[in-house]
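Working notes, beginning with the structure itself.
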Amino acid sequence: MDAGDAMESGQRAALLPESHGPKTEDDSLQVPLLKDKKRSGSKAPAIVLGFECLESTAFNGISTNLVVYLETVLHGSNLASASNVTTWYGTSYLTPIFGAIVADTFLGNYNTILISLAVYLLGMMLVTFSAFLPATAALCAAGATCGTGAAAAQTVAFVGLYLVAVGSGGVRSSLLPFGAEQFDDDSAADRERKAAFFSWFYLCVDFGLIVSGVLLVWIQQNVSWGLGFGIATACIAVAFAAFVLATPMYKRRLPTGTPLKSLAQVVVAAFRKVGMKLPADAELLYEVSDKVDSQPKIAHTSEFTFLDKAAVVSESDLEERPEAASSWKLCTVTQVEELKILLRLLPIWATSIIVSAAYSQMSTTFIQQGSAMDMHIFSVPVPAASLSSFQVLCVLTWVILYSKVIVPALRGFSSSGAAGEPSQLQRMGAGRLLMALAMAVAALVETKRLNAAASGEAINIAWQMPQYFFLAGAEVFCYIAQLEFFFGEAPDTMKSTCTSLALLTIALGSYLSSLIYAVVEAFTATAGGHGWISDDLNQGHLDYFFWMLAAMCTLNFVVYSGFAKNYKLKTVLS
């Protein structure tokens, strides 16, 4: 599904037979490989993994300490800086949706990555350039040139940041599937390597988080912001060059199209037959009788019965023969059930937005809270943003705890062995509870910090470690299980779409966080008061803000539990 221009897409349409039913696995097998002679053992997956290490380092080299940069260099307030970071971060996770559509429908993964990298690199260069513009605190203290210099630096920085959001979105949507395409599914050895590839890809993402949190953050705050951003920019430049030079190694697929058309066909066909009655026997609804290869059919369900009308065979359909009828007039039961699956997933999906809004505090208020503490551990200076690296280590710790301690313990209490392992829905519920606990711990720590500040003391930044630990647990239980759940529930033709929906919650959660900041400011910073999130945190009440998030997460868990209890898993017919 990669590397095709408009002409190649047209050629593909001419090569493949027209199908009025849902897209099948056999359809995807007919998509020609542009580089189909590459053998197992290609170095292309290793190139992709190295690319991800560099890209993750670059992106996190910008995002991890961004709130501090906006406050100290570009002179934003605590509230405005936090809001700007969450809005930008949300956009960075919204753009992959559009990147996936462009890659699947028009350009293919290779071309999407290539174009996105050019935008990405330009954005990184502008962000780096903004750090060298005259907007430092010293110049502001010196005179009136601060306003003009700061405005110019802010403009360049934000243009660069949103170019990074667009570029990283295109890369994020296409790089993982592009790497997976380098393996031959007909080879048992390649299938094993492909499974390992996904694990290594996740580790490469963590590699970037650790390098940026430990090395780049320290350089930014102790040497030079320009140097720190410059190293991140160099990572993207090296990744760009290596990706292009490795082009002859790649296998590339032409675009396969988007499943959105099939979903639209169900809605249109159902409305066109709104006056028709459903048959008493669901077996009379239309489904292709002869299977194409071994394509699975999805069993009919009794929910959202209005959509079933899209599969009612009318007299006009019989005159044309059902298999020759237009997909905009008659759809298969499998097509209808694909749309029903999406509708059933939506309530589960929506509760993840609250989780993501709380999770985004790691990049904003957690850092602001840490910056107001004693930032030394065993006499070693530790920037507040560097605790994100500790959070990555906590993620790995939780993964080990889950597989080596939690699951064996639950199996020990279960009489059916493997049945003792929590389901994906149960793990997501546990993640939502852990997120509420993380916010509550953050509130308790902030209360202790405020009490110490009132006595003229500063507590150590190590007090933040428990909240990062529970936040990491929430990430492991919620986000990883969510990706597995959405991927498993999705029909074969909609795996990428449903996976993108899982990532979309991160974007919407960041936007929701920005909205929460605005509401908190409007209701708490009244009559000249400081508000909960004040520029001087000692004058504010960040603890109240964390308690509010803890309450929201707890309520979200209750709502989620109701949806999860009534959720009906997909049934695939043999």
Side-chain angles (χ1 to χ4, degrees), residues 52-76 78 81-82 84-85 88-89 124-125 127-133 135-138 153 157 160-161 164 168 203-239 361-397 449 458-465 467-469 471-472 537:
E52 178 54 28
C53 286
L54 292 169
E55 188 278 329
S56 179
T57 301
F59 182 83
N60 289 291
I62 294 290
S63 65
T64 301
N65 213 21
L66 182 59
V67 69
V68 177
Y69 179 68
L70 295 182
E71 291 173 6
T72 60
V73 178
L74 300 186
H75 316 298
N78 275 355
S81 298
N84 284 329
V85 169
W88 171 78
Y89 197 75
M124 295 289 291
M125 292 171 65
V127 173
T128 302
F129 180 62
S130 72
F132 292 100
L133 292 177
T136 63
L161 284 171
V164 169
S168 65
L203 289 176
C204 289
V205 174
D206 285 344
F207 172 84
L209 282 166
I210 293 174
V211 171
S212 61
V214 173
L215 178 62
L216 296 187
V217 166
W218 186 88
I219 291 174
Q220 289 162 1
Q221 293 197 219
N222 294 278
V223 181
S224 165
W225 284 96
L227 178 60
F229 289 158
I231 293 173
T233 302
C235 288
I236 281 295
V238 172
Q361 304 313 307
M362 184 177 69
S363 301
T364 54
T365 51
F366 278 19
I367 295 176
Q368 292 169 337
Q369 181 188 45
S371 297
M373 297 179 175
D374 174 16
M375 293 186 288
H376 291 81
I377 298 179
F378 301 117
S379 301
V380 177
V382 178
S386 291
L387 284 188
S388 62
S389 298
F390 172 74
Q391 192 264 351
V392 173
L393 296 177
C394 289
V395 166
L396 299 177
T397 301
R449 191 197 66 79
I459 66 173
N460 193 274
I461 196 172
W463 279 98
Q464 280 194 309
M465 288 182 174
Q467 67 201 54
Y468 277 98
F469 178 76
L471 191 79
L537 290 185

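For the atom pair N60 CG and I210 CD1, the distance stands at 10.5 Å (nearest 0.5 Å). Summarising the geometry, atom CZ belonging to F132 is positioned 5.0 Å from atom OG belonging to S224; distances are rounded to the nearest 0.5 Å. Between the CG atom in N65 and the CH2 atom in W225 there is a gap of 4.0 Å [rounded to 0.5 Å]. The distance from the CG atom of L387 to the CD atom of Q464 is 5.5 Å, given to the nearest 0.5 Å.
Under a 3.5 Å cut-off, the side chain of N460 and the backbone N or O of H376 do form a donor-acceptor pair. Listed for the Q221 side chain is no donor-acceptor partner under 3.5 Å among the backbone atoms of P383. Listed for the W88 side chain is a donor-acceptor partner under 3.5 Å among the backbone atoms of L161. The main-chain N or O of G61 is never found under 3.5 Å from a side-chain atom of T64 such that the two would form a donor-acceptor pair. Without hydrogens or angle criteria, S56 side chain to E52 main chain gives no donor-acceptor distance under 3.5 Å.
Residues S168 and E55 are in side-chain contact: their nearest non-hydrogen atoms beyond the backbone lie under 4.5 Å apart. Using a 4.5 Å heavy-atom threshold, the side chains of R449 and L537 count as touching. At a threshold of 4.5 Å between non-hydrogen side-chain atoms, the residues L216 and F229 do not count as touching.
Nearest heavy-atom pair, I377 versus M465, reported as atom, atom and distance to 0.1 Å: CD1-CE, 3.7 Å. The heavy-atom pair separating S212 from T57 by the smallest distance is CB-O, 4.0 Å. Between I461 and A384, the shortest heavy-atom contact is CD1-CA, 3.6 Å. Considering every non-hydrogen atom in both C53 and F207, the closest pair reads CB-CD2, 3.7 Å. The two residues S389 and G213 make their nearest non-hydrogen contact at OG-CA, 3.2 Å. In plain terms, the two heavy atoms of E71 and S81 that are nearest each other are CG-OG, 3.2 Å.
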Residue pair I62, V164: steps toward the side-chain contact (heavy atoms from CB on, under 4.5 Å) verdict: CA-CA 9 Å; I62 294 290; V164 169; 5.5 Å; no

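Between the side chains of Y89 and T364, no donor N or O sits under 3.5 Å from an acceptor N or O. For the residue pair T233 and T128, a side-chain donor N or O sits within less than 3.5 Å of a side-chain acceptor on the partner.
Paired with F366 under the rule ring-ring contact (aromatic ring centres under 6.0 Å, His included), one option of F390, W463, Y468 passes, and it is Y468.
For M362, the CE atom is densely surrounded, since the number of other residues' heavy atoms within 6.0 Å is greater than 12.
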